[in-house]
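Please read all numbers here as calculations on a predicted model, not as lab measurements. Protein chains get the first letters and strands the later ones, always in sequence-line order, with residue 1 at the start of each.
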Number of protein chains: 2
Amino acid sequence: MMEFEQILRSRGYRLTNQRRVIVRELEGERHLSAEEIYDRVKEEHPELGLSTVYRTLDLLHELGIVRKEDFGEGYSRYELATERMHHHARCRRCGKVIEFNEELMEYLTLQVERETGFVTDSYEITLHGLCRECAAASS
Amino acid sequence: MMEFEQILRSRGYRLTNQRRVIVRELEGERHLSAEEIYDRVKEEHPELGLSTVYRTLDLLHELGIVRKEDFGEGYSRYELATERMHHHARCRRCGKVIEFNEELMEYLTLQVERETGFVTDSYEITLHGLCRECAAASS
DNA sequence: GTAACTGCAAATGCTTTGCATAATC
DNA sequence: GATTATGCAAAGCATTTGCAGTTAC
């Protein structure tokens, strides 16, 4: 991933080791929380601070390099915006998150842009309801 | 809205004044945060505590009576599940939330249920990108 | 009467911030 | 060398919890 370095430079941000390391971690795994990134990186780079992780994720999110996700856990998860878009179904009883992909939606983002001027670079669908087990248990 | 009283009773929960008042507030306005509900209700019912608001919203959410929404503000918003489903486009630069409706999607929930057993009672689409103004400013 | 519910205050956990130091350009 | 970025510790918020008192059934 060279692209993110160019984006940073072109906006006048500095290319630090911490930023490189955090992006590398995100390249390795999806859906990471700030704390998880911090823990993983700390082994090799004990000098990294948790606040730097938050500040970096904030910056990367604003630059459109990472997506910020909310699984209803009380904290955020992050993944590279280059990852394939995907969607979640979250059980309101047990909290389980089921992931699924689907292919339409392209037309929707076009329509929204036409109507509101909003330029979409990624999207997320969340279904609220009951997973198989909880649905079975409640009937 | 009588329905929620029946749901509570049928599950063995008690029908308290606090629960009634909180639901009434949700009937009056959409997208309310716990704190906003607390502030609105406090004028007429100073005895209501904020933790009761949170506990009630949690219960109503688990029962499927209210939807829990995340606009990326760092806290949750709530609305009655009977409200028309809608979707958001959130600007990653300025945070502005643009709301829009659309009508397809029915087929998607059916397909998900077929594949995973997940029973959807509501859904939410979030687009990530730039609003008209921020998109203009960054080009 | 008893079990569920509430209010209050304290605790928790994620995230942000102030400031002195260090690193990038 | 100037400015941006970092680390640390402390502060900030939303949310949760423990517990004694209250209320619904």
Side-chain angles (χ1 to χ4, degrees), chain A residues 4-25 31-63 65-66 68-78 92 95, chain B residues 4-25 31-63 65-66 68-78 92 95:
Chain A
F4 104 92
E5 307 196 350
Q6 294 167 355
I7 297 177
L8 279 191
R9 284 183 200 283
S10 71
R11 296 271 195 141
Y13 294 105
R14 293 184 178 171
L15 191 53
T16 65
N17 223 7
Q18 289 89 332
R19 288 175 179 171
R20 248 188 297 255
V21 166
I22 288 169
V23 169
R24 195 173 308 141
E25 217 52 52
H31 303 320
L32 288 174
S33 69
E35 194 96 29
E36 283 169 356
I37 293 172
Y38 175 66
D39 287 341
R40 283 155 174 260
V41 169
K42 205 165 48 179
E43 297 168 15
E44 281 195 39
H45 303 265
E47 74 280 5
L48 182 88
L50 181 56
S51 36
T52 299
V53 177
Y54 277 108
R55 279 189 280 231
T56 300
L57 289 172
D58 246 33
L59 177 63
L60 295 176
H61 177 242
E62 204 213 290
L63 293 175
I65 295 169
V66 313
K68 189 174 180 179
E69 306 177 313
D70 172 61
F71 288 4
E73 300 166 301
Y75 52 88
S76 298
R77 293 187 171 276
Y78 302 82
R92 68 164 192 267
Chain B
F4 105 92
E5 307 197 349
Q6 294 167 356
I7 297 177
L8 278 191
R9 285 182 199 284
S10 70
R11 296 271 195 142
Y13 294 105
R14 293 184 179 171
L15 191 53
T16 65
N17 224 6
Q18 289 89 331
R19 288 175 178 170
R20 248 188 298 254
V21 166
I22 288 169
V23 169
R24 194 173 310 140
E25 217 52 51
H31 304 319
L32 288 174
S33 69
E35 194 94 31
E36 284 169 355
I37 294 172
Y38 176 65
D39 287 342
R40 282 155 174 261
V41 170
K42 207 164 45 177
E43 298 168 14
E44 281 195 39
H45 303 264
E47 73 281 7
L48 182 88
L50 181 55
S51 37
T52 299
V53 176
Y54 276 108
R55 279 190 281 232
T56 299
L57 290 172
D58 246 33
L59 176 64
L60 295 177
H61 177 241
E62 204 211 291
L63 293 175
I65 295 170
V66 312
K68 190 175 180 178
E69 306 176 313
D70 172 60
F71 288 3
E73 299 165 301
Y75 52 87
S76 297
R77 294 187 170 277
Y78 302 82
R92 67 165 193 268

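- We find that CD of Gln6(A) is positioned 14 Å from P of dC25(C), with the value rounded to whole Å.
- Side-chain contact check for Leu59(B) versus Leu8(B): some heavy-atom pair is nearer than 4.5 Å.
- One can place CG of Leu57(A) at 15 Å from C1' of dT6(D), the figure rounded to the nearest angstrom.
- Distance OH (Tyr13(A)) to C1' (dA23(C)): 18 Å, rounded to an integer number of Å.
- Interatomic distance, Ile65(B) CD1 to Glu5(B) CD, rounded to the nearest 0.5 Å: 10.0 Å.
- From Tyr78(B), atom OH reaches atom OH of Tyr54(B) across 6.5 Å, with rounding to the nearest 0.5 Å.
- For the pair Arg19(A) (side chain) and Arg14(A) (backbone), a donor-acceptor distance under 3.5 Å is present.
- Separating the OH atom of Tyr38(A) from the P atom of dG13(C) is a distance of 16 Å, rounded to the nearest angstrom.
- Between Leu32(A) and Glu25(A), the shortest heavy-atom distance links the atoms CD1-O, 3.7 Å.
- Following rounding to the nearest Å, Leu60(B) (CG) and dC5(C) (P) show an atom-to-atom distance of 12 Å.
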Can you build the contact string for nucleotides 9-19 of chain D? Use B for base contact, S for sugar-phosphate-only contact, and - for no protein heavy atom under 4.0 Å. B----SBBBB-

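- Counting only heavy atoms from C-beta outward, the side chains of Glu36(A) and Arg77(A) approach each other to under 4.5 Å.
- Atom P of nucleotide dT6(D) and atom NZ of Lys42(A) are separated by 18 Å, given to the nearest angstrom.
- Taking both residues in full, the closest heavy atoms of Leu57(B) and Ile22(B) are given as CD2-CG2, 4.3 Å, listed atom of the first, atom of the second, then distance.
- Taking each heavy atom of Tyr38(A) and Leu48(A) in turn, the nearest pair found is CE1-O, 3.2 Å.
- For DNA chain D, the stems formed by at least three consecutive Watson-Crick or G-U pairs, with both atom-pair distances below 3.5 Å, span C:1-25 with D:1-25.
- When rounded to the nearest whole Å, the span between CG of Leu8(A) and C1' of dT4(D) equals 12 Å.
- Taking the side chain as every heavy atom from C-beta outward, Asp70(B) and Phe71(A) never approach each other to under 4.5 Å.
- Phosphate contact (OP1/OP2 of dT6(D), side-chain N/O of Arg19(A), threshold under 4.0 Å): present.
- Distances shorter than 4.0 Å separate none of the side-chain N or O atoms of Gln18(B) from OP1 or OP2 on dT23(D).
- In this structure, CZ of Arg77(A) is placed 13 Å from C1' of dC14(C), rounded to the nearest angstrom.
- For the OP1/OP2 pair of dT24(C) and a distance below 4.0 Å, the side-chain nitrogens and oxygens of Thr16(A) include no atom meeting the criterion.
- Projected onto DNA chain D by closest heavy-atom contact, Asn17(A) and Arg14(B) fall at different nucleotides, the more 5' of which corresponds to Asn17(A).
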